[in-house]
Every structure is written in structure tokens, then in C-alpha cells.
Amino acid sequence: MKSYAYGRELRLLTPEHFQQVFNSSPRKFACRLYTLLICKNNQEHPRLGFTISKKKAKLAVDRNRIKRVTREQFRLNASELPAIDMVFIARQGIADIDNEQLIRELNNTWQKIQKFYKKS
RNA sequence: AAAGUUGGCCGUGCAAUCGCUGCUUUAUCGUUGUGUUUGACCAUUUCGGUGGUUAAGCAGACGGGUGAAGGGGAGGAAAGUCCGGGCUUCGAUGGGUAGGGUGCCAGAUAACGUCUGGGCGGCGUGAGCCGACGACAAGUGCAGCAGAGAGGAGACCGCCUAUCGCGUUUACGUGAUAGGUAAGGGUGAAAGGGUGCGGUAAGAGCGCACCGCACAGCUGGUAACAGUUUGUGGCAGGUAAACUCCACCCGAAGCAAGACCAAAUAGGGUUCCAUAUGGCGUGACCCGCGUUGGAACCGGGUAGGUUGCUCGAGCCUUAUAGCAAUGUAAGGCCUAGACGAAUGAUUGCAGCUCGCAAGAGAUACAGAACCCGGCUUAUAGGCCAACUUUCCAC
């Protein structure tokens, strides 16, 4: 039975968590909307954190929307992912994209990550 | 019916599946917290006990973990952070100065730069809308170009008089000089009230009448202000979002305020000794106030956690006072409290616009962060009420 729960343990909560990812020379998965920084963690499950600056998405409504959509897709796929920490960094233009396109892009990225970690 | 004005309201709804986050009820797990019982050891003792440490058992009231069910979960602007207040702390809210704000009058309010009613001025056929709208006759300052002159002013042209020339015998015309003159021309955004009559050499508030203005009185009004068949004055421009004056108001900083529990680390309080017309500190400045070097003893509060944190100048209904803003009374209701920050995603149906239909299209501005009252700005589409103008019908 797959679990689709998304509790607090699946998030990066403190600045130290973020610094760990940045300092570990992370693997990058990029597309035109965002960049994902990835490194292995010592947990049982993957974790996700966000960095969306006001410059990239001007309105709070847009920033919230991106986070919610991305989190939703992460939740549905988390059981398929290895134990890694990810930091989502928004790029210019992400605020102009609708939910459907963002979801398609994210699904591509999950598949790439899975392939990469199966190989290694 | 069309065009418009003002005020108020809504700003997607329902269902299913999967998630997030508080609350309530409930199940279960742990015994590291908590409570309690017993034993052992240590300290103390008035030999009854008391305090501490530790081990074992029990409990499930409190707290914690994991489930289940029920129920709640963004806005009219949550925004800009432009005002005002509550709350909190601070040389433990002292005196003076500086500085800032407001600015027709009255009322409302916790308070306001807000709101309501009224006055005055301007705009609109009108319903209505707009206005930092106190004082330049307290003082100081400022004003490009043009113009003779820009503030108790001013002779460039013109007008008038006198003297001396010239044309001609005088009248008259004309030139120069010395005066008078604010009627007329010209300049300017603005030239020191306007019209008429008298007056004069020509003119002039120089005098008079009427109109306008200022001051005083009287009448109405709480007042701003309005009216005036009253009296006085010949009448002294603009600018105070220029200094200034007048009236009233203002301590500062903010929930990263602050309080409590508490790893670390320096500072801090009490006593004793030493002791200076000095030094240092001060959330605008001055007065003022505090503090200082050494020793001994006693306690400290950053990371993290808890709290502040949502029952409040609260919302709804009715009655009542008031033109109104709003107040009062009664009854009912509980309606987000997160902290790398929840309030979401997908699908179906309904609703909106266009179309006979199949179908197509639109769905704005925008996301709580201690809480309220306002203001300002953004906003697809829609609803209600009152009123105005024009046209048509009767």
C-alpha cells in the first residue's frame, strides 16, 4: 500500500538543512522553469524545500501556487523517490505558467531522478 | 425607455477522491517526564519526622507518540504601511527648550489627518461633486519678461499753465525750458475701487449721489456665517504646501514588543575597603539622573521550548434617542491562529456571456502573520434602493 501522506518530516525546516544541501556539492536537475539541487540524506525518505524569491514571482499568490502544486506532485511521487534532500529554486518566468504545464514538467523531472539513481 | 448621480451588497455554488493544519470526542502505545506506594543510601533531628539521591511496582488525572470519527480553516481590499488607538517595554512616564502634526464651525468617537451635519467659495441644466478654507491691517521676505512706474508708486506719449523763441498784426499754430496732472493711450497675470454729476488751467474721493469694500453697531444663529432703510472711513494689491503669528494636539520604540522554563558565555546584586570641583553613560538638547577601582559572598538567561495568540472599542436581530455620524437596552452567536509558515489539487454537475442548436468563450484584483478604527490604491462580472435630466404614451 502506497502512502500519500505529506508530514513535516518530508520538508526541509531550518536554515541548517538548506545549508547542508548547498554545501554538499549537490547534483543539479534543471529545466526552463526551475532548478533542483539534490544530495543524499541519512533519512528513510526524501525531503523537499523551496527557494522562491520575490524577484522571480512578484505576487504572494503566485509563490503560494507554485509551492502548492510542486508539493502536491512531490507528495504523489515521494514513495518512488530515493532518500534524498531536494531544494527547489524558481527561475524567471515561472509565475506566467499554468498548473498543467508545471505538473507535466515536474513528472519529467521525477522520472529523470529515478533513472539516475537506479543506475548508480 | 435612455443617459446619469449617490448609497449599500455580492464577488462562484454543490458533490466525490487524495492531502495539509488547529479544535472536540475517543481508541491505543511508551514509562524518559508527572503523580503515588514501598525499599535502600546520605544529610539533619526536639528521635515523631523532614529534605535529597536512587531502584522496583502501580496509575493514566496532566504532558508526549500513533490512529479513528465529527466539526472549523483567507479578503473586500488580507495590499500600500499613510494616519489613529488598544497592548507591551524603556534613563524606573520629572521640569524647560527644540522639533513634529492639525487648521471654516458644531457634533460623533477609545482616538484620528476619519465620519456626520452646517457655513463659505468654485463646477454642473440637475440629482450632486470638488476645496490644507485661520491670520499678509503684527513683523520680515519673495515676484521672470515687458513697462516711465510693481507698493503709501509712477510723467514715455498725451492734457494744462508760465517763460523764452519762431510763423503771422492779435487770436491761433509750433519748438525749447520749468512746473501741474493719474481723465485718455501704451506695457503687463496684476497699474492703488466702479459709474455719473459737480469742480478745475487741465485734472484728481477734491466734493456729492448710487453701487462695491472695510470697521463698528443692531437682528438671526451654539458657532462658522448671513442680513441690515443704522453709523463711521475715501478705500492701505498678491503670496503663509515663504519665514512667521495665533489656537489645539503630540515622550519613544515596537509582538523580532514583552513574560515564563531553560544547555553555553561574559556582564549583574549585597557587604567591606578605597574615593575624585575628575571621567563615563544617557534612544533630539539642557537641567537633572545614574555609574565608576579592589576583595568576599550570592545569584545569572543566548540556542531551543512554552506563552503573548485570539472573546474582541466582536458579529447578527429587534427596540429606542438623534436630521445624521453614532449612542443605549434586550435577545442570540463564537467565526483561521500558522511560524521554511496550513487554508490545496483533480474530476463531474450547476451558474454567467454569445448562439435556434451542436458548441464556443469568460471567471477580475489578489494570500492572514498581535488586534482593532480609518484613509489610499487595484478590481472581470453582477444585484438592490433613492434621486436627476431628456424622450415617448396616457
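Below, read A as the first sequence line, B as the second, and so on, with proteins coming before strands; counting in each chain starts at 1.
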Please report, rounded to the nearest Å, how far the P atom of B:rA364 is from the CG atom of A:Asp62. 12 Å

What is the separation between atom NZ on A:Lys67 and atom C1' on B:rC339, rounded to the nearest whole Å? 12 Å

B:rG340 glycosidic conformation (syn if within 90° of 0, otherwise anti) is anti

Mind telling me whether B:rG327 is syn or anti, cutoff 90° either side of 0? anti

How far, in whole Å, is B:rA336 from B:rA369 if one measures between their P atoms? 15 Å

NZ of A:Lys58 versus P of B:rA378: gap in Å, rounded? 14 Å

Enter syn or anti for the glycosidic conformation of B:rG22, syn applying to angles within 90° of 0. syn

Taking B:rG227 as the reference, what is the distance to B:rG84 when you measure between their P atoms (whole Å, please)? 40 Å

In whole Å, I'd like the distance from the CG atom of A:Leu59 to the P atom of B:rU379. 14 Å

Would you kindly give the CG-to-P distance between A:Leu48 and B:rG19, to the nearest whole Å? 18 Å

In whole Å, I'd like the distance from the CG atom of A:Asn77 to the P atom of B:rG19. 14 Å

Is B:rA56 in the syn or the anti form, by the rule that syn lies within 90° of 0? anti

Whole angstroms only, please: what is the CG-P distance between A:Asn64 and B:rG367? 9 Å

Tell me whether B:rG86 sits syn or anti, counting syn as a glycosidic angle within 90° of 0. anti

With sequence neighbours excluded, give me every ring-ring contact (aromatic ring centres under 6.0 Å, His included) pair touching residues 95-114 of chain A. none

Please tabulate the protein-to-nucleotide N/O contacts below 3.5 Å involving nucleotides 343-345 of chain B, giving atom names and distances.
| from | atom 1 | to | atom 2 | distance (Å) |
| --- | --- | --- | --- | --- |
| B:rU343 | OP2 | A:Arg68 | NE | 2.7 |
| B:rU343 | OP2 | A:Arg68 | NH2 | 3.1 |
| B:rG344 | N2 | A:Glu72 | OE2 | 3.4 |

